[in-house]
Amino acid sequence: MASPIEQFQIKPIIPVINFTNSSLFMIGAAAVIVGGLLFATRKRAVVPGRAQSVAEVLHDFVANTLVDATGKEGMKFFPLVFSLFMFVLTANLLGMIPGFFTVTSHIIVTFALALLVIGTVVIYGFMKHGTHFLGLFVPSGVPAWLLPFIVVIELISFLSRPISLSLRLFANMLAGHIALKVFAGFVVALLGAGGALTILAPLPLLMAVALMALEFLVAALQAYVFTVLTCIYLNDALHPGH
């Protein structure tokens with residue numbers, strides 16, 4: 001039985017330019033997003049068809065999530081938030097296709113996305129508010145003697161955001177795919193064993209089917225969670241005061 005970890009191995013496709021299967025599927029995800037949205041909105045009909053309706057639902061969903069977290073002022077970040085949501089969702093769903101590569105199961109990819117979010121928060125926060133952005137780490141109404149401890153805690157909490165944001169997405173996708181591979185391996189092993197053990201093969205098969213359905217739910221849910229947290233963090237850049 002093949003190792004469950006084998007599906008996560010990064011393999012070079014064009015070694016000269018360090019182009020790997022991970023690079024291929026990231027480009028593929030971007031191509032699917034751009035191509036799908038261009039196809040869905042090609043007619044821009046007043047009465048939308050199915051494809052245009054899906055595109056509009058996705059647009060409104062992200063827009064409403066962003067406005068709820070940041071207010072109307074946050075719509076300036078809509079292109080960033082929508083791009084992140086669509087990339088994570090598409091990459092997660094592409095990874096569910098047998099034989100495809102799940103780029104979000106690698107910590108370096110999710111950490112890069114998380115750094116993009118936190119970097120945007122810091123840069124925009126200082127550009128808009130200057131040193132007042134540091135008020136994010138100084139809660140109002142805290143006694144002076146307690147303030148140094150609170151500032152340290154707030155700073156550690158802020159710096160841990162890219163770690164928690166990236167680990168949440170990476171760990172969920174990694175664990176789910178490993179579980180699917182293990183149960184699929186059980187099915188093959190029991191069928192190959194022959195005899196009475198063959199009767200038990202449907203049990204891990206049913207579990208694998210249930211896990212597959214759960215993984216599709218997790219793929220969408222993790223894209224949503226990543227988007228919601230991104231919106232919450234962007235709100236700190238817009239309104240750094242406590």
Side-chain angles (χ1 to χ4, degrees), residues 26 29-30 33-34 37 55-92 103-173 218-242:
M26 281 190 278
I33 295 167
V34 173
L37 291 177
E56 290 180 0
V57 166
L58 291 172
H59 175 281
D60 292 344
F61 172 74
V62 176
N64 291 335
T65 303
L66 182 58
V67 171
D68 289 343
T70 63
K72 292 184 178 179
E73 187 181 358
M75 282 301 291
K76 64 182 66 179
F77 293 112
F78 177 79
L80 170 65
V81 178
F82 185 75
S83 298
L84 287 172
F85 172 75
M86 291 300 297
F87 178 80
V88 174
L89 177 63
T90 305
N92 288 351
V103 297
T104 48
S105 65
H106 281 263
I107 187 66
I108 188 62
V109 175
T110 59
F111 189 67
L113 295 177
L115 278 183
L116 174 62
V117 173
I118 302 304
T120 301
V121 171
V122 172
I123 293 173
Y124 181 84
F126 277 111
M127 286 178 59
K128 180 175 176 60
H129 304 285
T131 56
H132 292 290
F133 176 68
L134 296 176
L136 181 66
F137 309 110
V138 186
S140 58
V142 177
W145 65 270
L146 190 58
L147 194 58
F149 301 99
I150 298 298
V151 168
V152 171
I153 292 173
E154 291 286 343
L155 184 60
I156 293 174
S157 175
F158 184 85
L159 294 177
S160 67
R161 286 180 177 181
I163 300 174
S164 62
L165 189 60
S166 58
L167 280 177
R168 183 180 292 104
L169 175 57
F170 149 76
N172 277 279
M173 300 312 298
V218 170
L221 183 61
Q222 286 305 309
Y224 170 69
V225 171
F226 194 94
T227 303
V228 169
L229 291 176
T230 297
C231 294
I232 292 173
Y233 297 158
L234 289 172
N235 182 58
D236 288 339
L238 293 166
H239 313 105
H242 283 261

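Atom set for the values below is all heavy atoms of this structure, side chains included, hydrogens, waters and symmetry mates excluded. Sequence positions, counted from 1, serve as the residue numbers for this chain. On a predicted model such as this, the values are computed, not experimentally measured, just so you know.
Test L234, V228, N235, T230 against I232 for side-chain contact (heavy atoms from CB on, under 4.5 Å) and you get one pass: V228.
Taking CD from Q222 and OG1 from T104, the interatomic distance works out to 9.0 Å, rounded to the nearest 0.5 Å. To the nearest 0.5 Å, atom CD1 of residue I150 and atom CG of residue L147 are 8.0 Å apart. Separating the CZ atom in F85 from the CD1 atom in I33 is a distance of 10.0 Å, to the nearest 0.5 Å.
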Evaluation steps, side chain to side chain contact (heavy atoms under 4.5 Å, CB included), between F226 and T110 = CA-CA 10 Å; F226 194 94; T110 59; 5.6 Å; no
request  = Begin with the C-alpha distance, continue with both residues' side-chain angles, and end with the deciding distance and a verdict on ring-ring contact (aromatic ring centres under 6.0 Å, His included) for F137 and F158.
outcome  = CA-CA 8 Å; F137 309 110; F158 184 85; 5.4 Å; yes
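Residues in residues 219-235 take part in no salt bridge (Lys or Arg N to Asp or Glu O under 4.0 Å) pair, two or more places apart or across chains. Counting only residues at least two apart or on different chains, no salt bridge (Lys or Arg N to Asp or Glu O under 4.0 Å) pair has a member in residues 109-122. Applying the salt bridge (Lys or Arg N to Asp or Glu O under 4.0 Å) rule to pairs touching residues 116-132 yields E73-K128, sequence neighbours excluded. Residue pairs meeting the salt bridge (Lys or Arg N to Asp or Glu O under 4.0 Å) criterion with at least one member in residues 109-121: none, sequence neighbours excluded.
Qualifying side chain to side chain contact (heavy atoms under 4.5 Å, CB included) partners for H106, counting only residues two or more places apart in sequence or in other chains: F8, I10, F101, I108, V109. Scored by the side chain to side chain contact (heavy atoms under 4.5 Å, CB included) test, L116 finds L80, L84, T120 as partners (sequence neighbours excluded). Taking the ring-ring contact (aromatic ring centres under 6.0 Å, His included) definition, one finds that F87 meets it with nothing, sequence neighbours left out. Contacts of Y124 classified as side-chain hydrogen bond (donor to acceptor under 3.5 Å, both in side chains), with partners at least two apart in sequence or in another chain: K76.
Checked by atom type and distance alone, the side chain of H129 never pairs as donor or acceptor with a backbone atom of P240 at under 3.5 Å.
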Would you give me the side-chain donor-acceptor pairs under 3.5 Å for residues 55-67, sequence neighbours excluded?
unit_1 : atom_1 : unit_2 : atom_2 : d
E56    : OE2    : Q52    : NE2    : 2.9
N64    : ND2    : D60    : O      : 3.1
T65    : OG1    : F61    : O      : 2.8

For residues 159-172, which side-chain N or O atoms pair as donor and acceptor with protein atoms under 3.5 Å away, sequence neighbours left out?
unit_1 : atom_1 : unit_2 : atom_2 : d
S160   : OG     : I156   : O      : 3.3
S160   : OG     : S157   : O      : 2.8
R161   : NH1    : D236   : OD2    : 2.7
R161   : NH2    : D236   : OD2    : 2.8
S164   : OG     : S160   : O      : 3.3
S164   : OG     : R161   : O      : 3.1
S166   : OG     : P162   : O      : 2.7
S166   : OG     : I163   : O      : 3.0
R168   : NH1    : S164   : O      : 3.4
N172   : ND2    : R168   : O      : 2.6

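Smallest separation of non-hydrogen atoms from A223 and V88: CA-CG1, 3.8 Å. The two residues P79 and S83 make their nearest non-hydrogen contact at O-OG, 2.7 Å. Of all the heavy atoms in T70 and C231, the pair that sits closest is CG2-O, 3.2 Å.
Within the 4.5 Å cutoff, the side chain of M173 has heavy atoms near those of the N92 side chain. The shortest side-chain heavy-atom distance between F82 and L37 falls under the 4.5 Å cut-off.
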